[in-house]
Participant: 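Sharing a structure below in structure tokens format, with a few things to ask.
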Amino acid sequence: MKHFLLGHMPPDYSRHGWEIDKLLIEIHWMIVILFVFWAAYIIYVLIRFRAGGHQPVSYGGMRSRWPVYLIIAVFAVELVDLFGYSIPAWTRWAQPLAGNVKPLEIQIVAEQFAWNVHYPGPDGIFGRRDVTLVSVDNPLGLDAKDPHATDDLNTLNELHLEVNRPVVIHISSKDVIHSFKLPVMRVNQDAVPGMEIPIHFTPTRTNNGEQWEIACAQLCGLGHYRMRGMLLVDTKEGLQDWLSQQQPALVAW
């Protein structure tokens, strides 16, 4: 069953993804067991109490306690899934990275219907952004008067990461609710207007020529179907080489 389910899911190339896959597999097993039981019970009832069976009518209802025990058992299994797997996995994934870890930090600003990817530039500091400065030529609203903004980089629908290096992505939206989804990284986070939500994960392999997608998992308008981007995981040298070839956002736009 495990291999069957994983064979129909996107591959997992993140350090935390195995916990999510494990939980999905356990939930599917529970659903299969419940389905088999209830299907068998319905078939039994249809045969046992069919019209031609001439069963005497009972107005007292069921006196057996086994349905109560069954409900308690299902509830117990769900509690184990919630408190034994889901919450601990989420806690490990959501907690801040250790202080000695130097992650790659990126900002992603969603809009109808594209992903703006913002890198801090060689100084490692994000430039100031101001919503009043947002325009066609400056989609991020970078403040040209801020010295930290002059070397910032901006790409459209193209996210480059470094293999085996933790990444922190700060997700926000310029207009409506979107949902940032990286299937091969087991990442899915809503982009909410007025909020900046950080997520972190660690890619464990490079693309090797494969095409990995950035998807929007929240219906966000008529152009939702075309809100797609590309995820590329490079080596350390490959990422630095790519970054060095990009023009600063204030110049490129």
Side-chain angles (χ1 to χ4, degrees), residues 4-14 16-17 19-21 23-25 27-28 31 90 93-94 104-119 129 131 133-142 152-163 167-234 239 242 246-247 249 252-253:
F4 173 79
L5 288 175
L6 293 181
H8 290 77
M9 294 170 61
D12 167 37
Y13 300 133
S14 66
H16 73 279
E19 292 185 281
I20 296 176
D21 289 349
L23 181 61
L24 288 175
I25 290 168
I27 290 174
H28 277 81
I31 296 301
W90 171 255
W93 186 56
L104 173 66
E105 292 207 52
I106 300 170
Q107 294 179 349
I108 288 187
V109 183
E111 65 174 292
Q112 295 173 313
F113 297 96
W115 303 102
N116 295 283
V117 184
H118 181 197
Y119 292 86
R129 291 177 13 218
V131 67
L133 299 176
V134 172
S135 66
V136 174
D137 296 327
N138 188 4
L140 292 174
L142 285 171
D152 285 10
L153 307 176
N154 175 217
T155 63
L156 190 66
N157 296 326
E158 186 176 345
L159 173 62
H160 285 252
L161 305 177
E162 182 181 322
V163 67
V167 57
V168 176
I169 300 181
H170 305 270
I171 301 174
S172 60
S173 172
K174 291 164 60 174
D175 38 43
V176 300
I177 296 177
H178 302 272
S179 188
F180 178 73
K181 185 178 182 67
L182 302 176
V184 298
M185 296 296 158
R186 299 300 190 266
V187 168
N188 192 355
Q189 174 60 58
D190 282 352
V192 182
M195 296 179 63
E196 185 175 278
I197 304 172
I199 61 170
H200 65 81
F201 58 95
T202 303
T204 57
R205 58 155 283 188
T206 59
N207 292 67
N208 294 331
E210 299 178 19
Q211 291 189 342
W212 297 343
E213 183 180 84
I214 305 172
C216 180
Q218 173 68 45
L219 182 60
C220 56
L222 294 176
H224 167 69
Y225 71 95
R226 58 183 172 86
M227 189 169 174
R228 302 171 62 187
M230 297 303 300
L231 168 64
L232 298 103
V233 180
D234 305 316
L239 177 62
W242 178 81
Q246 307 307 304
Q247 283 188 312
W253 291 100

Participant: Contact between L231 and V184 at the side-chain level, heavy atoms closer than 4.5 Å - yes or no?
Facilitator: yes

Participant: Kindly compute the distance separating CG (N157) from CD1 (I108), expressed to the nearest 0.5 Å.
Facilitator: 10.0 Å

Participant: Has N188 got a side-chain atom pairing as donor or acceptor with L182's backbone, closer than 3.5 angstrom?
Facilitator: no

Participant: Return the SG to NE2 distance between C220 and H178, rounded to the nearest 0.5 Å.
Facilitator: 5.0 Å

Participant: I need the minimum non-hydrogen distance between S173 and A191, along with the two atoms involved.
Facilitator: CB-O, 3.7 Å

Participant: Do L140 and V134 have side chains that approach each other closer than 4.5 Å (heavy atoms only, starting at C-beta)?
Facilitator: no

Participant: Where is the tightest heavy-atom contact between Q247 and L153, given as atom of each residue plus distance?
Facilitator: O-CD2, 3.5 Å

Participant: Counting N and O atoms only, with roles assigned by atom type, does the side chain of S172 sit under 3.5 Å from a partner on the main chain of M195, one being a donor and the other an acceptor?
Facilitator: no

Participant: Taking atom types as modelled, find out whether T206 and N208 have a side-chain donor-acceptor pair closer than 3.5 angstrom.
Facilitator: yes

Participant: Roughly how far apart are M230 CE and H160 NE2, rounded to 0.5 Å?
Facilitator: 9.5 Å

Participant: Distance from M185 atom CE to I214 atom CD1, nearest 0.5 Å?
Facilitator: 10.5 Å

Participant: Return the CG to CG distance between D152 and L142, rounded to the nearest 0.5 Å.
Facilitator: 5.5 Å

Participant: Under a 3.5 Å distance rule, please check whether R186 uses its side chain to pair with a backbone N or O of P183 as donor and acceptor.
Facilitator: yes

Participant: Do you know which two heavy atoms are closest between L156 and N116, and how far apart they sit?
Facilitator: CD1-OD1, 3.6 Å

Participant: Looking at side-chain heavy atoms only, is the closest gap between V192 and I197 below 4.5 Å?
Facilitator: yes

Participant: Does a donor on one side chain sit under 3.5 Å from an acceptor on the other, for H118 and N154?
Facilitator: no

Participant: Find out whether V233 and W212 are in side-chain contact, i.e. whether some heavy atom of one side chain is under 4.5 Å from a heavy atom of the other.
Facilitator: yes

Participant: Heavy atoms, side chains only, cut-off 4.5 Å: are L23 and I27 in contact?
Facilitator: yes

Participant: So Q112 and V176, side-chain contact (heavy atoms from CB on, under 4.5 Å) or not? Walk me through it.
Facilitator: CA-CA 8 Å; Q112 295 173 313; V176 300; 3.8 Å; yes

Participant: Heavy atoms, side chains only, cut-off 4.5 Å: are F113 and C216 in contact?
Facilitator: no

Participant: Backbone N or O of N207 within a donor-acceptor pair of the R205 side chain at under 3.5 Å?
Facilitator: yes

Participant: Sequence neighbours excluded, which residues qualify as ring-ring contact (aromatic ring centres under 6.0 Å, His included) partners of Y119?
Facilitator: W242

Participant: Going by heavy atoms in the side chains, are D12 and S14 under 4.5 Å from each other?
Facilitator: yes

Participant: Should Y13 and E210 count as side-chain neighbours, where that means a heavy-atom distance under 4.5 Å?
Facilitator: yes

Participant: Which pairs pass salt bridge (Lys or Arg N to Asp or Glu O under 4.0 Å) with one or both residues in residues 173-185, sequence neighbours excluded?
Facilitator: E111-K174

Participant: Rounded to the nearest 0.5 Å, how far does CG of L161 lie from CD1 of I169?
Facilitator: 5.5 Å

Participant: Considering all heavy atoms of both residues, which atom of E162 and which atom of L104 are nearest to each other, and what is their separation?
Facilitator: N-CD2, 4.2 Å

Participant: Considering non-hydrogen atoms only, spot the tightest contact between W115 and A110 and give its length.
Facilitator: CZ3-CB, 3.5 Å

Participant: Does the H16 side chain pair with the main chain of T202, one donor and one acceptor, at a distance under 3.5 Å?
Facilitator: no

Participant: What are the two closest non-hydrogen atoms of R129 and V109, and how far apart are they?
Facilitator: NH2-CG2, 3.4 Å

